[in-house]
Amino acid sequence: MIYFDNAATTWPKPIEVKKAIASALDEYGANPGRGSYDMALKTSRLIFETRVELAALFNIKKPERIIFTANDTEAINLALKGFLNPGDHVIFTSLEHNAIYRPLKALEKQGVSLTMVQAEPDGTVFPEMIARAMRNETTLLAVSHVSNVTGTILPIENFAQIVRPKNIKVLVDAAQSAGFLDIDVEKQGIDLLAFPGHKGLYGPTGIGGLYIGEGINLRPLKEGGTGSKSNSWEQPDTLPDRFESGTINTLGIAGLRAGIEFLKNKGIKKIREHEWNLTKKFLQGLAEVEQVVVYGPKADAFRAPVVSCNIRNCDPGEISFMLDKMFSIATRSGFHCAPLTHRTIGTKDSGTIRFSFGAFNTEKEIDVGLDAVKEIINKLEI
Ligand code: PMP
């Protein structure tokens, strides 16, 4: 199989990650933060060390301000529902994934007001548009770092420079950027950073996290046992316990730590260059096929390794099905959980076929992918 669905979750996982998860069952089998015997302490240490690794990766000063969640969506829900109050105003863009849009729409019913900044058809969002959307009641800018449909990279640092002086906090959804782009919460002015562990950080599914900036107090999404202050009926106010009730995903964290190790050993820059080269090659190949429409930034503009396209007059679902059945190429078709983006790029009724590349894809696979697209076009006589 050729796997071109890395924007959904990366596959395969590095061998180190597979081994780490398998051995975690034995090595870190205890419930962390509960017992004081050897294996429980060792398991707690694994979790602490993984927080430290993540903190180093994103230049976070206090590792305890990173909360483990089940995925990026849960992290975003914690940020939005924990932070926003009736009367607050939020700015977001028309590139947002439903992970941001749906919780915002739910919060709107509770008195939070919303302004959507319209992106250009190629995914560009002009910082001036963010500036124009600001109001006295604005408390949050919620924005994706990278569009999961077009691969467009948003200038989050510029956005932060505009809104933060007005005491507007910045929530960044790093679903498609963590592990691909350099992220520095201090330099880029990020107050809340939501990230999945299972995409560019190469951990398994079921793990993600939220960084909560200094001075931000969130309401927890859930209360319960934390292994700390157990005699009190109040949820502890110390971090990370305040937000991590219930038994934590130790296997996921063991895999995530190995994923970060893999990134460090290979080098994020090297992986980024590799994925960008594959993306460029693919875009150049598609540009030669007149029946293909590619969405997003111009072909030579730097973007994340996500390419959305359509074949003229064809249903993307049918093409994705043919790629799978005839060539064993895994792609994703449809709306990619981002209906606003499809309204932006002009594919609101059809969606797109999405090819997304990862560290393990090769140039050879790109060639096979391009040939497959051409063969399908021939077969369908388009
Ligand atoms: N935001 C964006 C931009 C995404 O691409 C995704 C994953 N498709 C998510 C949020 C949700 O991530 P998760 O599946 O880890 O909740």
Side-chain angles (χ1 to χ4, degrees), residues 58-60 65 72-73 75-150 152-177 181 183-195 210-219 297 338-341 343-345:
F58 301 136
N59 192 24
I60 290 165
R65 300 201 72 87
D72 186 48
T73 303
I76 292 169
N77 269 266
L78 170 57
L80 294 175
K81 292 175 182 165
F83 181 75
L84 292 167
N85 293 303
D88 284 356
H89 172 247
V90 184
I91 304 170
F92 63 103
T93 81
S94 69
L95 297 181
E96 303 320 323
H97 188 276
N98 276 339
I100 284 188
Y101 190 49
R102 285 183 173 167
L104 283 181
K105 289 305 278 181
L107 286 161
E108 192 179 29
K109 290 191 189 131
Q110 295 167 24
V112 171
S113 59
L114 312 177
T115 297
M116 184 183 83
V117 169
Q118 182 62 50
E120 297 296 303
D122 68 352
T124 304
V125 177
F126 294 112
E128 309 85 76
M129 303 275 285
I130 304 280
R132 232 172 287 148
M134 289 193 300
R135 296 191 205 153
N136 287 340
E137 323 79 77
T138 313
T139 54
L140 187 71
L141 167 69
V143 68
S144 291
H145 197 179
V146 164
S147 161
N148 67 313
V149 179
T150 61
T152 313
I153 299 165
L154 278 85
I156 51 163
E157 200 170 333
N158 296 352
F159 296 168
Q161 281 161 1
I162 291 169
V163 302
R164 287 180 104 218
K166 304 273 181 200
N167 201 23
I168 298 168
K169 304 293 182 201
V170 177
L171 162 64
V172 170
D173 171 6
Q176 299 299 337
S177 59
L181 296 175
I183 295 178
D184 180 325
V185 298
E186 296 290 326
K187 189 165 153 263
Q188 293 170 309
I190 300 170
D191 296 293
L192 293 153
L193 179 75
F195 61 90
L210 177 72
Y211 158 67
I212 305 172
E214 204 82 50
I216 297 183
N217 295 312
L218 302 182
R219 281 177 297 270
L340 300 174
T341 316
R343 284 179 175 77
T344 302
I345 66 174

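Worth saying up front: this structure is predicted, and the values here are computed from it rather than measured. The analysis underlying the following values was restricted to heavy atoms, covering all of them including side chains, and did not include hydrogens, waters or symmetry mates.
- Note that CZ of R65 is 6.5 Å distant from CD1 of I212, once rounded to the nearest 0.5 Å.
- For the pair L171/L141, no side-chain contact is recorded, criterion being any heavy-atom separation below 4.5 Å from C-beta on.
- Considering T115, T139, N136 in turn, T115 is the only one that fulfils the side chain to side chain donor-acceptor pair (under 3.5 Å) rule with H89.
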Show, in sequence, the C-alpha distance, side-chain angles and deciding distance for V149 and L95, and conclude whether the side-chain contact (heavy atoms from CB on, under 4.5 Å) test is met. CA-CA 8 Å; V149 179; L95 297 181; over 6 Å; no

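- Once rounded to the nearest 0.5 Å, the distance linking CG of L114 with CD1 of I91 reads 11.0 Å.
- The two residues P155 and P127 make their nearest non-hydrogen contact at CG-CG, 4.5 Å.
- Between I345 and P121 the shortest heavy-atom distance is CG2-O, 3.3 Å.
- Within the 4.5 Å cutoff, side-chain heavy atoms of L140 are placed close to those of L192.
- For the atom pair I162 CD1 and I130 CD1, the distance stands at 7.0 Å (nearest 0.5 Å).
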Evaluate the side-chain contact (heavy atoms from CB on, under 4.5 Å) criterion for residues V163 and T138: first the C-alpha distance (whole Å), next the side-chain angles of each, then the deciding distance (0.1 Å), finally the verdict. CA-CA 9 Å; V163 302; T138 313; over 6 Å; no

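- Using a distance-only test at 3.5 Å, with no hydrogens or angles considered, no donor-acceptor pair links the side chain of N59 to the main chain of V185.
- Nearest approach of F126 to F159, heavy atoms of both residues: C-CE2, 4.5 Å.
- Using a 4.5 Å heavy-atom cutoff, the side chains of H145 and L154 are not in contact.
- Proximity of a side-chain donor or acceptor of D184 to a complementary backbone N or O of K187 within less than 3.5 Å is detected.
- For the pair L80/L104, a side-chain contact is recorded, criterion being any heavy-atom separation below 4.5 Å from C-beta on.
- Here the straight-line distance linking atom CG of L78 with atom CD1 of I76 works out to 11.0 Å at 0.5 Å rounding.
- When side chains are defined from C-beta on, D72 does not count as touching L210, because their heavy atoms never get closer than 4.5 Å.
- Looking at T344 and Q118, their side chains do bring a donor and an acceptor atom within 3.5 Å of each other.
- Scanning all heavy atoms of the two residues, the minimum distance from P339 to N98 falls at CD-OD1, 3.4 Å.
- Using a distance-only test at 3.5 Å, with no hydrogens or angles considered, a donor-acceptor pair links the side chain of N77 to the main chain of T73.
- For the residue pair S94 and A119, the shortest heavy atom distance occurs at OG-N, 2.9 Å.
- Side chain to side chain, S147 and T150 meet the donor-acceptor criterion of an N or O pair below 3.5 Å.
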For side-chain contact (heavy atoms from CB on, under 4.5 Å), just list the numbers for D191 and R164, CA-CA rounded to whole Å, side-chain angles, deciding distance to a tenth of an Å, and then say yes or no. CA-CA 9 Å; D191 296 293; R164 287 180 104 218; 2.8 Å; yes

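- Across all non-hydrogen atoms, the minimal contact from S144 to I156 is O-CG2, 4.2 Å.
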When you look at Y211 and F58, which way does the ring-ring contact (aromatic ring centres under 6.0 Å, His included) test go after all the steps? CA-CA 9 Å; Y211 158 67; F58 301 136; 8.7 Å; no

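- In this structure, the separation between CG on L107 and CZ on R102 is 14.5 Å, given to the nearest 0.5 Å.
- The closest side-chain heavy-atom distance from S177 to I153 is not below 4.5 Å.
- Here the CD atom belonging to Q176 is positioned 11.5 Å from the OG1 atom belonging to T152, to the nearest 0.5 angstrom.
- Side chain of E96 to main chain of L340: no donor-acceptor pair is present (N/O by atom type, distance under 3.5 Å, no hydrogens or angles).
- The side chain to side chain contact (heavy atoms under 4.5 Å, CB included) test with M129 is passed by exactly one of T124, V117, T93: V117.
- Residues Q188 and V170 are not in side-chain contact: their nearest non-hydrogen atoms beyond the backbone lie 4.5 Å or more apart.
- A side-chain donor-acceptor contact under 3.5 Å links N85 and R219.
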